[in-house]
Amino acid sequence: MKLPLKSYDANFHIFFASHYVHHWFDPWNTKWYAGFSQTTYPPLPQQWVAMFSKVFGLDLAYMAVQLIAILLLAVGIYRFSLLWVSPRAASLAALASVFVGSESMLVYNAGQLGTTSAAPIYLNALPFLYEWIRYGRWRSFIKAIVLFAAAAVAHHATLLFGSFFFALPVVALAFIDKREGEQTSSTGIIGRTVAIALLVVGAVAVVLLPFWIALIHYPVTQTPIPHPSRANYILTPLFGMNYFIVPYGAMILALPFIFLRGSAVARLRPLFLGFWVAFLIGLGGTTPVGKVLLGRAFEVLTMERFSYWATLLALPFVGLLAGEVIDRFRMRGVAVLSVLAALTCAMAVGWTTYHPPEAEDFKVDSVAQWLNRDGHDRYSYLTLGFGNKIARLAMETDAPSDDGEWNSGRMLPELTRYGAGALTSAKFFGEAGLDSLRAMLTHADHYGLKWVFVRDSYYDPLLSFAGWRPIDRLEDNTITIWAKDGVPPYQPVNAPQMPPHWQGILWGILPFGSSILAILVVLIPSKRRQEIEAVYAYPEDESLVPGRLAS
């Protein structure tokens, strides 16, 4: 049951949450990169982890927030699918969301809490967007704005790119569904669309104001870091397995149906187009589409999130297909669909055994205890061969480190000048990684860098050549401590980048407050179901039914 805790980014999110536990109104974190601001990452999921940790502890709180995101996804897929297909097909789509491979991959392998939290909120907002631009209902207008703002503070990229993949098809659907003789005009739909777009932009600008300020003052100009999701999946089958076969699973068998039905039915074409673009970008470097459409962002973003969005956009089609299979084959169809769904989920979860995201399972307690005694935490440290355990170590000590896992938060030139990620895994980035590590070791005096904890003897010659010497061993001699003489104690070097106090106040109030407001606003009662159903004149083909709205 604790498998999500072994995902790649789990410790990263828990580390951010641990900072909010102790410093809710101060986003400046001194434990990585000689000091960095957590305003560079939308805080909502981590803040909820911090709140739940008061009762459950950090690990179980992380699990609880992921569980809530999974539950919200089923609700969001159902409501979103109702815009496109019949209630029965929407129910099947919601059921399929529980087993979709991309969701399991992000939860159990990647650990992308921000992406898995923002997408369900965004999906739940889209039906209200449709109601507002089609019928001008003010309750839906308010709900849509508040939910969009909450989705943005969970993960900004989901809102930015989701606007093209999810929102534009919904806007197009409002035009398609407008009937002749309706009181609503095309001009009215356009006006309401522009109005809500402007207000959503304004709301997102306010609730994430410290984030935008940090981005303007310190834009991401560092050398791009390679990522396997941008590879050509045909030339590298392992990456193709990890980023295509596993996320899509049995949904690959439904691709011909999605293409045929999506292109044949007029009111499904906007949804199909959104899916198709997200699908192509999610293929990484297999096609040129991602580079052409994203530009430089292609070198910064990871592509598995686009595959995730593509699978969510495909689920209404999957619901249609499942309904037709069940109608035709009855229990045999149910059995086959159940097996395929279970295998898809099982493959994504089981893939973590064959392609483990976490470093070798080892304890960092002894390292933290060593740093916390005898004044060792007066100096900064590095780890080599610790993988994503560096976040777990940072939670257990107050000693500063010049390394970290949040690439957009780092400002040290020794890190941004080279196309490498975390120094603890420097050798896996080839020459760029070793050059970055060598530069950091050379400038150790400037950062008060006195300790290096090594779990991989590969780095021993480099340390020895740079003037470091081993002084102690931990964990049954599996971890060697290297030191450098004459290094002065750590002094903050990134103080000019520290956000002012007023930004910390906003960061502690607005993002979390937007989620509380979203919960309260969604509870506002809507029209009675009979009134909503009376709006639609269902066609004979149930697969073309707009569906009952979420409200």
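Just so you know, residue 1 is the first one in the sequence shown, and it goes up from there.
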[X] side chain vs [Y] backbone, donor-acceptor pair below 3.5 Å:
{"X": "Ser7", "Y": "Tyr108", "answer": "no"}
{"X": "Arg269", "Y": "Ser263", "answer": "yes"}
{"X": "Trp309", "Y": "Ala278", "answer": "no"}
{"X": "Ser117", "Y": "Gly114", "answer": "no"}
{"X": "Ser81", "Y": "Tyr78", "answer": "no"}
{"X": "Thr311", "Y": "Tyr308", "answer": "yes"}
{"X": "Ser514", "Y": "Pro511", "answer": "yes"}
{"X": "Thr344", "Y": "Ala250", "answer": "yes"}
{"X": "Asp9", "Y": "Gln112", "answer": "no"}

[X], [atom1]: over 12 other non-hydrogen atoms inside 6.0 angstrom:
{"X": "Met51", "atom1": "CE", "value": "no"}
{"X": "Arg296", "atom1": "CZ", "value": "yes"}
{"X": "Phe12", "atom1": "CZ", "value": "yes"}

Does Phe148 form a side-chain contact (heavy atoms from CB on, under 4.5 Å) with Val204? I'd like the steps, not just the answer. CA-CA 8 Å; Phe148 282 137; Val204 172; 5.6 Å; no
Examine the side chains of [X] and [Y] and answer whether a donor and an acceptor come within less than 3.5 Å of each other.
{"X": "Ser102", "Y": "Glu304", "answer": "no"}
{"X": "Thr416", "Y": "Gln222", "answer": "no"}
{"X": "Gln38", "Y": "Gln46", "answer": "no"}

Looking at Asp177 and Arg267, does any basic side-chain N land under 4.0 Å from a carboxylate oxygen? yes
Is Arg261 salt-bridged to Glu324, going by a charged N under 4.0 Å from an acidic O? yes
Rounded to the nearest 0.5 Å, what's the gap from CG on Leu92 to CD1 on Ile326? Could you check? 5.0 Å
What is the distance from atom CG of Leu147 to atom CG of Leu129, rounded to the nearest 0.5 Å? 11.0 Å
Residue pairs meeting side-chain hydrogen bond (donor to acceptor under 3.5 Å, both in side chains), one or both in residues 230-249, sequence neighbours left out, come to Asn242-Trp351
Qualifying residue for ring-ring contact (aromatic ring centres under 6.0 Å, His included) with Tyr41, from Trp406, Phe211, Phe15: Trp406
Determine the interplanar angle of the Phe166 and Tyr122 rings, folded into 0 to 90°, and report it as parallel if under 30°, tilted if 30 to 60°, perpendicular if over 60°. perpendicular
Could you label the plane-to-plane angle of the Tyr135 and Tyr130 rings as parallel, tilted or perpendicular, counting under 30° as parallel and over 60° as perpendicular? perpendicular
Report the C-alpha distance between Phe257 and Phe317 in whole Å, list the side-chain angles of each, state the deciding distance to 0.1 Å, and finish with yes or no for ring pair (Phe, Tyr, Trp, His ring centres under 6.0 Å). CA-CA 8 Å; Phe257 176 86; Phe317 294 102; 7.3 Å; no
Test applied, side chain to side chain contact (heavy atoms under 4.5 Å, CB included); reference residue, Phe80; option that passes from Leu315, Leu313, Val75: Leu313
Do [X] and [Y] make the cut of ring centroids closer than 6.0 angstrom?
{"X": "Phe259", "Y": "Phe272", "answer": "yes"}
{"X": "Trp48", "Y": "Phe52", "answer": "yes"}
{"X": "Phe161", "Y": "Phe306", "answer": "yes"}

Report the C-alpha distance between Glu103 and Ser97 in whole Å, list the side-chain angles of each, state the deciding distance to 0.1 Å, and finish with yes or no for side chain to side chain donor-acceptor pair (under 3.5 Å). CA-CA 8 Å; Glu103 176 76 5; Ser97 71; over 6 Å; no
Under the side-chain contact (heavy atoms from CB on, under 4.5 Å) rule, what do Phe329 and Val336 come out as? Steps first, then yes or no, please. CA-CA 10 Å; Phe329 299 102; Val336 171; over 6 Å; no
